[in-house]
Amino acid sequence: MKLKSILGIALMTTVLFSCGNSIKNINPKTEDKTEVAEAKPFSYNVEEFADIKVLRYQIPGWKNLTLKEQKLVYYLTQAGLAGRDIMWDQNYRHNLKIRKALENVYTNYKNYKGNEELDNWGAFTTYLKRVWFSNGIHHHYSNDKIKPEFTKIQLSELLKRTNTELDQEAFDAIFSDEDSKKVNQAKGVDNVALSAINFYGPNVTNKDVESFYKKMTSPNPEKPLSYGLNSQLVKEDGVLKERVYKSGGLYGAAIDEIIKWLELAKGVAENEAQGNALGLLIKYYQTGDLQTWDDYNVAWTAATDGNIDYINSFIEVYNDPLGYRGSYETIVQIKDFDMSQKMAVLSENAQWFEDNSPLLDAHKKKNVVGVTYKVVNVAGEAGDASPSTPIGVNLPNANWIRAAVGSKSVSLGNIIHAYNNAGSTGRLKEFVHDEDELKLEEEFGQLADKLHTALHEVIGHASGQLNPGVGETKETLKNYASTLEEGRADLVGLYYLYDSKLQDLGLVKDWKKVGMAAYDGYIRNGLMTQLIRLNLGDDVEEAHMRNRQWVSAWAFEKGQADNVIEKVTRDGKTYFNINDYDKLHELFGQLLRETQRIKSEGDFKAVEDLVEGYGVKVDQAIHAEVLERNKQFPSPPYSGFVNPVLVPETNDAGEITKIKVTQPDAFDEQMLNYSKHYNFLPEVN
């Protein structure tokens, strides 16, 4: 599971926490000390377009790594980039054709002096950048097809002038209303048939998927395999079949490149456990065997020593409307020792949090095992983690592995640091209820969000257990599984943020004020500010946005009799003010108990009522007001990143002697470079 940023961090003063090792601009001195040259401040901002802000991030501690460790990071980042195009094809079957055509126009138009106004070049470049950012022609967050602001005639002319070929079906896909949603989570429709995601053939339905996997039985029912995770399900001559992602199978050309770099990484592994895990990941890519995938996850979870770690493969299932198939993603990370040591206290006390939670006793784990938490600095990302990145990750996702072996939780420290140093405070002042709320946020908000991220990942996802005989949540809760799990983890964090235990553990000096700041921010965002991401009239579709709304809206409704959260109108503007934090804490505990019951029992009717009743529909009057109030702030609501570039230097024998970190100057520069050097799926259709 991964934690997405709250409004790309742009709506709040400091929506998470700064990197533990602060990045300082040191003034280098000349050898004779007669001259001091001030270092140029690092610029986090790259560019803005449409609703997107593109940022940079640094890699603190890079120079402290040994050459062997730097090689490991380099090989792992290259392995990740080798599979980049897999995500593009997974997102939509026409994406790669469209991207290559648009990039050819973009590259060759520079050599052609056309009529920019006639060609609508500005609209074309903005569209291409939006497509790059989303890894396809559907918006990375809303899942809606991105609408071009140029016409068919204008695109046809650009294609003609640059000698670019694009088949008619792919051309029409840019403009048509078909395949309008990458992932359609609406109630009462055929979610698979109406989702453009390329996990399924165009004639596959919800019923087909459910019946296909209902027939599959794991060799060991207590350790169910993740059927469907690494394949595309298609229908050929009326017969359903899986096209497995593996060497020699679907995406085989890119996977062979991934394997090549993983082999090199294995050769410089920090320790035997890490090397063994990499070996199993290679075997999994070679065979596509799901038992090997589980064996790998067990080994990877147990491999906790070392400075370097990574996430690589087909993992998160948010893009599958039924929650079976994993999107390709990679994150390569370096441990932030200082912050990880400070936050280790949460992992060490995981059993206390479980024992003292408001869950029903039958749903509590009697023995929480193997929970590790680290703050890390990202060195490279690809696939579903880039350019839009999570800020926290907890893996593996299999419930039985979490229960038997444990899990790894990380917060991406340098990513959050970059968000915090590139943000703006204007929106916060516009939407807080009063000066007291503003002061709480400014003084305690950053710490509150840091702790919420940690509690969400370390305690939240690791807590609770399924009832005996209850299947995996993707089977019982179906299209609501992801949003329930994210909301459940959020609720764990919210419940304990307002608890003196955090002060007892030395994590805060004033637990009550930290909790109050956390509650203010969550309710403000869940009921109001996240709506700037939606067009007026839209339902809430994305799993994290849904969970923030259903948690907040449920608490608001259930506390109305006691005026726990008050809706205030002042000067024609709406605010939400928390009057009773103690009772809100109780309400969060009640909802946490209920969400765990739903998960533990596999209660589909209850989760449907919860999500549809509180998390999908938007108050249109408030939405219109929020959009109007937000017009004064030019900063886009979504942010993402270009990656630092790792540049190896070699000797005459071809051996790497040094690896430098450089920063790309522009978003288009990196995207075109990736397309040129990591183009391993030319024949995918």
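Computed over heavy atoms, backbone and side chain alike; hydrogens, waters and symmetry mates excluded.
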**Request:** Would you check, one step at a time, whether the test salt bridge (charged side-chain N to carboxylate O under 4.0 Å, His left out) holds for Lys513 with Glu443?
**Result:** CA-CA 9 Å; Lys513 287 185 177 178; Glu443 187 172 355; 5.9 Å; no
**Message:** side-chain hydrogen bond (donor to acceptor under 3.5 Å, both in side chains) for Tyr522 and Asp490? Distances and angles first, verdict last.
**Reply:** CA-CA 10 Å; Tyr522 198 90; Asp490 263 5; 2.7 Å; yes
**Request:** Under the side-chain hydrogen bond (donor to acceptor under 3.5 Å, both in side chains) rule, what do Gln530 and Gln549 come out as? Steps first, then yes or no, please.
**Result:** CA-CA 9 Å; Gln530 72 170 1; Gln549 179 168 297; 4.6 Å; no
**Asked** When the aromatic ring centroids of Tyr57 and Phe641 are compared, is their separation below 6.0 Å?
**Response** yes
**Message:** Does atom CD (Glu149) have a neighbourhood of more than 12 heavy atoms from anything else shown, all under 6.0 Å?
**Reply:** no
**Asked** More than 12 foreign heavy atoms under 6.0 Å from CD of Gln341: is that the case here?
**Response**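 No, not enclosed.
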Between [Y] and [X], is there a side-chain heavy-atom distance shorter than 4.5 Å?
X	Y	result
Glu485	Tyr480	no
Ser195	Gln185	no
His139	Asn143	no
Ile532	Phe633	no
Ser134	Tyr141	no
Phe133	His140	yes
Gln670	Val645	yes
Leu627	Leu531	no

Can a cation-pi geometry be assigned to [X] and [Y], taking NZ or CZ under 6.0 Å from the six-membered ring centre and within 45° of the ring axis?
X	Y	value
Arg629	Tyr575	yes
Arg99	Trp132	no
Arg524	Phe576	no
Arg130	Phe49	no

**Request:** Show the numbers, then the answer: is there a salt bridge (charged side-chain N to carboxylate O under 4.0 Å, His left out) between Arg548 and Glu486?
**Result:** CA-CA 9 Å; Arg548 289 192 286 265; Glu486 292 305 318; over 6 Å; no
Could you report the tightest heavy-atom contact between [X] and [Y], atom names first, then the distance?
X	Y	result
Glu48	Pro634	OE1-O, 4.3 Å
Trp88	Gly136	CZ3-N, 3.4 Å
Ala666	Val642	O-CG1, 4.5 Å
Asn420	Gln446	ND2-OE1, 4.2 Å
Asn319	Ser327	ND2-OG, 2.9 Å
Ile174	Lys145	O-CD, 4.0 Å

**Request:** Mind running side-chain contact (heavy atoms from CB on, under 4.5 Å) on Phe556 and Lys567 for me, showing each step along the way?
**Result:** CA-CA 9 Å; Phe556 175 68; Lys567 182 180 177 183; 4.1 Å; yes
Any side-chain to backbone donor/acceptor pair from [X] onto [Y]? Under 3.5 Å, distance only.
X	Y	result
Tyr496	Phe353	yes
Asn91	Asn135	yes
Glu457	Asn394	yes
Glu316	Tyr318	no
Ser340	Val375	yes

**Asked** Yes or no on side-chain contact (heavy atoms from CB on, under 4.5 Å) for Ser386 and Asn643, after CA distance, side-chain angles and deciding distance?
**Response** CA-CA 8 Å; Ser386 180; Asn643 291 300; 3.5 Å; yes
**Request:** Start with the C-alpha distance between Asp539 and Lys617, add both sets of side-chain angles, then the distance that settles salt bridge (charged side-chain N to carboxylate O under 4.0 Å, His left out), and finish with yes or no.
**Result:** CA-CA 5 Å; Asp539 289 342; Lys617 297 300 179 183; 3.0 Å; yes
How many angstroms lie between atom [atom1] of [X] and atom [atom2] of [Y], to the nearest 0.5 angstrom?
X	Y	atom1	atom2	result
Lys509	Leu447	NZ	CG	10.5 Å
Asp510	Ser500	CG	OG	11.5 Å
His456	Arg488	NE2	CZ	9.5 Å
Ile565	Asp580	CD1	CG	10.0 Å

**Item:** Criterion ring-ring contact (aromatic ring centres under 6.0 Å, His included) against Tyr127, the qualifying member of Tyr106, Trp121, Phe175, Phe150
**Value:**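 Of the listed options, the one satisfying the test is Phe150.
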**Request:** Verify side-chain hydrogen bond (donor to acceptor under 3.5 Å, both in side chains) between Tyr614 and Ser552, making sure each step is shown before the conclusion.
**Result:** CA-CA 8 Å; Tyr614 298 95; Ser552 301; over 6 Å; no
**Request:** Show your reasoning for whether salt bridge (charged side-chain N to carboxylate O under 4.0 Å, His left out) applies to Lys181 and Glu541.
**Result:** CA-CA 10 Å; Lys181 279 279 188 185; Glu541 298 270 357; 3.5 Å; yes
**Request:** Apply side-chain contact (heavy atoms from CB on, under 4.5 Å) to the pair Val317 and Ser482, showing each step before the final yes or no.
**Result:** CA-CA 8 Å; Val317 297; Ser482 291; 4.2 Å; yes
**Request:** Give me the ring orientation class for His585 and Tyr498: parallel if the planes are under 30° apart, tilted from 30 to 60°, perpendicular past 60°.
**Result:**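 Ring orientation, 0 to 90° scale: tilted.
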**Asked** Asp384 and Tyr328: side-chain hydrogen bond (donor to acceptor under 3.5 Å, both in side chains), yes or no, with the steps?
**Response** CA-CA 6 Å; Asp384 203 33; Tyr328 175 81; over 6 Å; no
**Message:** If you apply the rule side-chain contact (heavy atoms from CB on, under 4.5 Å), what do you find for Lys408 with Leu395, and how did you get there?
**Reply:** CA-CA 5 Å; Lys408 287 181 179 179; Leu395 292 172; 5.8 Å; no
